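Chain letters run A, B, ... following the sequence lines, proteins first and then strands; every chain starts at 1. All values below were derived from every heavy atom in this structure, side-chain atoms included, with hydrogens, water molecules and symmetry-related copies excluded. No experiment lies behind these values; they were computed from the predicted model shown.
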2 protein chains.
Amino acid sequence: MVTRRRVTIADVARHAQVSTTAVSKVLRNAYGASPAMRDRVRAAIDELGYRPHAAARAMRGRTFTIGVLLPHIRNPFFADILDGLSAQVAETDYQVIIVAGGAGLKEEVRAIEALVDRQVDGILMIAPLTSRADLDKVAETMPAVVLGRHEKSTAYDAVDDDDEYGASLVVEHLIGLGHRRIGHISQKDASRGRRAALPYSIREETYTRVMREHGLGDEIAVATTSWTEEGGYIGTRELLARSPRLTAIFAGADQAAFGALAAVHEAGLSVPGDISVAGYDNTRMAALDHIALTSVDQDGVVMGRTAGRLLLERVEGRTASVRFSVTPTLVPRRSTAAPPG
Amino acid sequence: MVTRRRVTIADVARHAQVSTTAVSKVLRNAYGASPAMRDRVRAAIDELGYRPHAAARAMRGRTFTIGVLLPHIRNPFFADILDGLSAQVAETDYQVIIVAGGAGLKEEVRAIEALVDRQVDGILMIAPLTSRADLDKVAETMPAVVLGRHEKSTAYDAVDDDDEYGASLVVEHLIGLGHRRIGHISQKDASRGRRAALPYSIREETYTRVMREHGLGDEIAVATTSWTEEGGYIGTRELLARSPRLTAIFAGADQAAFGALAAVHEAGLSVPGDISVAGYDNTRMAALDHIALTSVDQDGVVMGRTAGRLLLERVEGRTASVRFSVTPTLVPRRSTAAPPG
DNA sequence: ATGAAAGCGCTAACAT
DNA sequence: ATGTTAGCGCTTTCAT
C-alpha cells in the first residue's frame, strides 16, 4: 500500500494557473467563473484525474451522500426499495451508502449515529425500531425520510404502505374462500415506544380486527416469531400443534411464508389441499411457479423512488413534511384455496 | 430541520477545563493523559453527549469506517458474508458501510470511487468486475481485501471459496447418480479483463472439464443468463427445449436454481423424478423442506469474518498479502436423484 | 470576474 | 503530563 498523495484542488489550480477559489466555483457550478476559466479548470481536472475529497467537503458544505438505514439485507423486499432509490439518485451527484441496523435497538441507534457522524446530506430510515422522539431528533439534524412507519411527524417525510388495507385484503380473501381457523405469524416487537407504528403490529392488529368482525374472535391464533424463513417455520409448527387444526396461515411477510410452506410440507400436509398459506410483500420468489404464493404487492420500487425524491427535495430546502402512502393489492396464487371438507 | 451546532472537541475541552489535545488523547487512548484527566474528559463527553465528527477525523487520520462493495443485495449469500464481517467488526470502533455496485462495470467503478473518496480505512470488494489493474490501484490507496476472485495479488488480501472443487462436487455427484445429459446455468460476463477470475467462469469451466473427463463432452449444454430467479427460469426453459431432454441441471447459484425449479415445474415435469436440480451457496431457502435443494456450502459467515479480520490487520499495518480459501462441501438433498428410466 | 484568506473539527508534532 | 499550534482540503465571505 503506497500512500500516494491525492490530487487536491490546489494541484488543479496550479495546473490551470488559477486560484483555488476558481476551481471550487467550477466544481459547484457557482456564480463567478467565465466560460474560458471553466474550460481551463475542467481540462485540468480531467488531466489530473481530480476527484473531490468528500471529508474536506463535509467540513464546510455537503458530502453528496444519502445514508440508508436498513434493518438487514436478507429481505428481498428491501432490495426493491433500494432499486427505486438508486434509480432516483443515479442521475444526481449523490451517492447512496447503506448501513445495516442489526437485530436490536442498540445496534440500530449506533448505525443511525454512524450515518449522522458521517455527515450524510440526508437519511432514509427503513422500518426503524427507534422511538418517535429519537426519529424527530435525527430529523432535526438533517433531512430525513422514514419508510414503513405509520406515524405523523412534522420533522420528517413518511413513506408507507397501507398495511391495514393490505392485511385486510388477505384475511378477507381467506375468509371469502371459506376459512374460519386462520392463524397469523407476527414478529416479535423490538421497538421502543408505540409498537403500533410498525408494519408487523398493524398487520397483526388488522388480522385480529377482521377476524372479530366476521365473528371469528375465538379462532384467533397468533404465533409471534420473526419474519425470516426460520421464524415462519417455527411459528407454523407452533400453529399446527393446535387442535382442531387450522386451515389457513397468513404470514406477515413472504420470507416467513416460505418457512411456513416448509413446515406444512414437513408435517405431511399439502398446500393448499390441507392448509392455505399467504404472505406479504410479493417478492420474486413468491411468483415462481413451484411456490405460487398468494401475497400482497406494495411496490417497493415506487416506495424507494419516492423516498429518494422526497429526500432530495428536503436536501434542496423543503421543510414542510409530506406523507406518501402506497395502496397495496392482493396477488392470489395457488397457495390459497377453499379449505378441505 | 433546526441546524443545531454539533458538540465539538473544543466544547468538551472547555467544559472539562482542559486543552483540546487532552480530549483528543483521551479519545484515541493515546499516551500522555493522567487517569484524573481521563476521568474528567470522559465525564464531560458524557455530559455533553459528544461524538467525534467523522469528516474532521478523516482530514487527519482515520474515519473508523470499513467500506464494502457489494454487487447488489439480492443474493442472500451476501448477507451471510456481511453477518460474518459485522460480527468481526462489531467489537471494534469501526463501522461498516455498504455501497451497491449495480449491474455494470461503470456503476461499480463509481461505487468504488465513492468509497475511496469517503476515505474509508479499509475496503472489502465482493466479487468485483473491475480489472486486476484497477483493483491493484485501489489497494495501493488503502487496505483492501477482495472476496470471490481467484487471482494472486501482492497488493490486497484475497478470500475465496474453492469454486473449482465445489463445482466438481456437484457435477461428480450428478454423474455418480447416473446422469449424462447435465445442463449448466452460468452468468453473463460483465467483467473487464480475465474472465477466468470470477466464480461464474470457474464453475462453468469446471463443469465443462468434468463432463469431458467423463467422456460427456458431447452432452455439454450451458445457458448463460444471470444468477437470479429470472435468469435461472429463462436459462432452464432454454435448456429444456433441447432434445433429447437433459436429466439434470446444475445452476451456478441457488437463486438461479430456484428459478430453474419453477421452470421445470411449469413444464409439467417433476423434480427429481424427471429432472434433478442442484444449486450453489447453500442459502437458507435451499434447506427448506419443500425446496430441499442440493447445493454447495461455502460458509459465507466464515468468509466474511475472515475478510474482516484480514482487513483490520491491514489497517493496523500488515502489508504482506494473504490468501484465505474455504473448502466447500456438497449438501445433497431431495432435488437430486437418479435419472428416470 | 477573480483571488486572498479565514475557518470547518480534528490530530500530531512540538514546546513547556 | 499538559498545552500550543500548524495544518488536512475544501467552501465562502470579502476585497479587488
* Does a side chain donor of either B/Thr63 or B/Arg118 reach within less than 3.5 Å of an acceptor in the other side chain? -> no
* **Segment of DNA chain D, first to last nucleotide, that comes within the 4.0 Å heavy-atom reach of chain B** => D/dA1 to D/dG9
* How close or far is atom P of C/dC14 from atom NZ of B/Lys25, stated in whole angstroms? -> 14 Å
* Can you tell me how far P of C/dC8 sits from CD1 of B/Ile9, to the nearest Å? -> 14 Å
* Rounded to the nearest angstrom, tell me the gap between atom CE in B/Met59 and atom P in C/dC8. => 13 Å
* **Whole-Å gap separating C1' (C/dC10) and CZ (B/Arg51)** => 16 Å
* **Contact nearer the 5' end of DNA chain C, comparing A/Gln17 with B/Arg62** => A/Gln17
* Under 4.0 angstrom, heavy atoms only, what part of the nucleic acid is B/Ala33 near: base, sugar-phosphate, or nothing? -> sugar-phosphate
* If we ignore angles and hydrogens, is there a donor and acceptor under 3.5 Å between the side chains of B/Asp157 and B/Ser321? -> no
* Comparing B/Ala56 and B/Val18 on DNA chain D - which has the more 5′ nearest nucleotide -> B/Val18
* With a 4.0 Å cut-off, would you call A/Asp80 and B/Arg74 a salt bridge? -> yes
* **A/Asp39 CG to C/dT2 P, straight-line distance once rounded to whole Å** => 12 Å
* B/Arg62 and B/Tyr94: side-chain donor and acceptor closer than 3.5 Å? -> yes
* Asked: Taking N and O atoms by type only, does the side chain of B/Arg57 place a donor or acceptor under 3.5 Å from a partner on the base of C/dG9?
  -> no
* Structure fact -> Between the CD1 atom in A/Ile98 and the CG atom in B/Leu70, the distance rounded to the nearest 0.5 Å is 7.5 Å
* Sugar-phosphate, base or nothing in reach of B/Ser34, heavy atoms under 4.0 Å -> sugar-phosphate
* Report which part of the nucleic acid B/Val23 touches: base, sugar-phosphate, or nothing (heavy-atom distance under 4.0 Å, all strands). => nothing
* **Check: B/His15 ring centre within less than 6.0 Å of B/Tyr50 ring centre** => no
* Structure fact -> Among C/dA1, C/dA12, C/dT11, the one nearest any side-chain atom of B/Thr21 is C/dA12
* d(CG, B/Leu27; P, C/dA12) in whole Å -> 12 Å
* Starting at OH of B/Tyr31 and ending at C1' of C/dT11, how long is that distance when rounded to a whole Å? -> 18 Å
* Short side-chain N/O contact to C/dG9 OP1/OP2 from B/Thr8, under 4.0 Å -> no
* Derivation and outcome, salt bridge (Lys or Arg N to Asp or Glu O under 4.0 Å), residues B/Arg6 and B/Asp11 -> CA-CA 9 Å; B/Arg6 268 183 83 105; B/Asp11 298 324; over 6 Å; no
* Asked: Would you say A/Arg60 reaches C/dG9's phosphate, i.e. side-chain N/O to OP1/OP2 under 4.0 Å?
  -> no
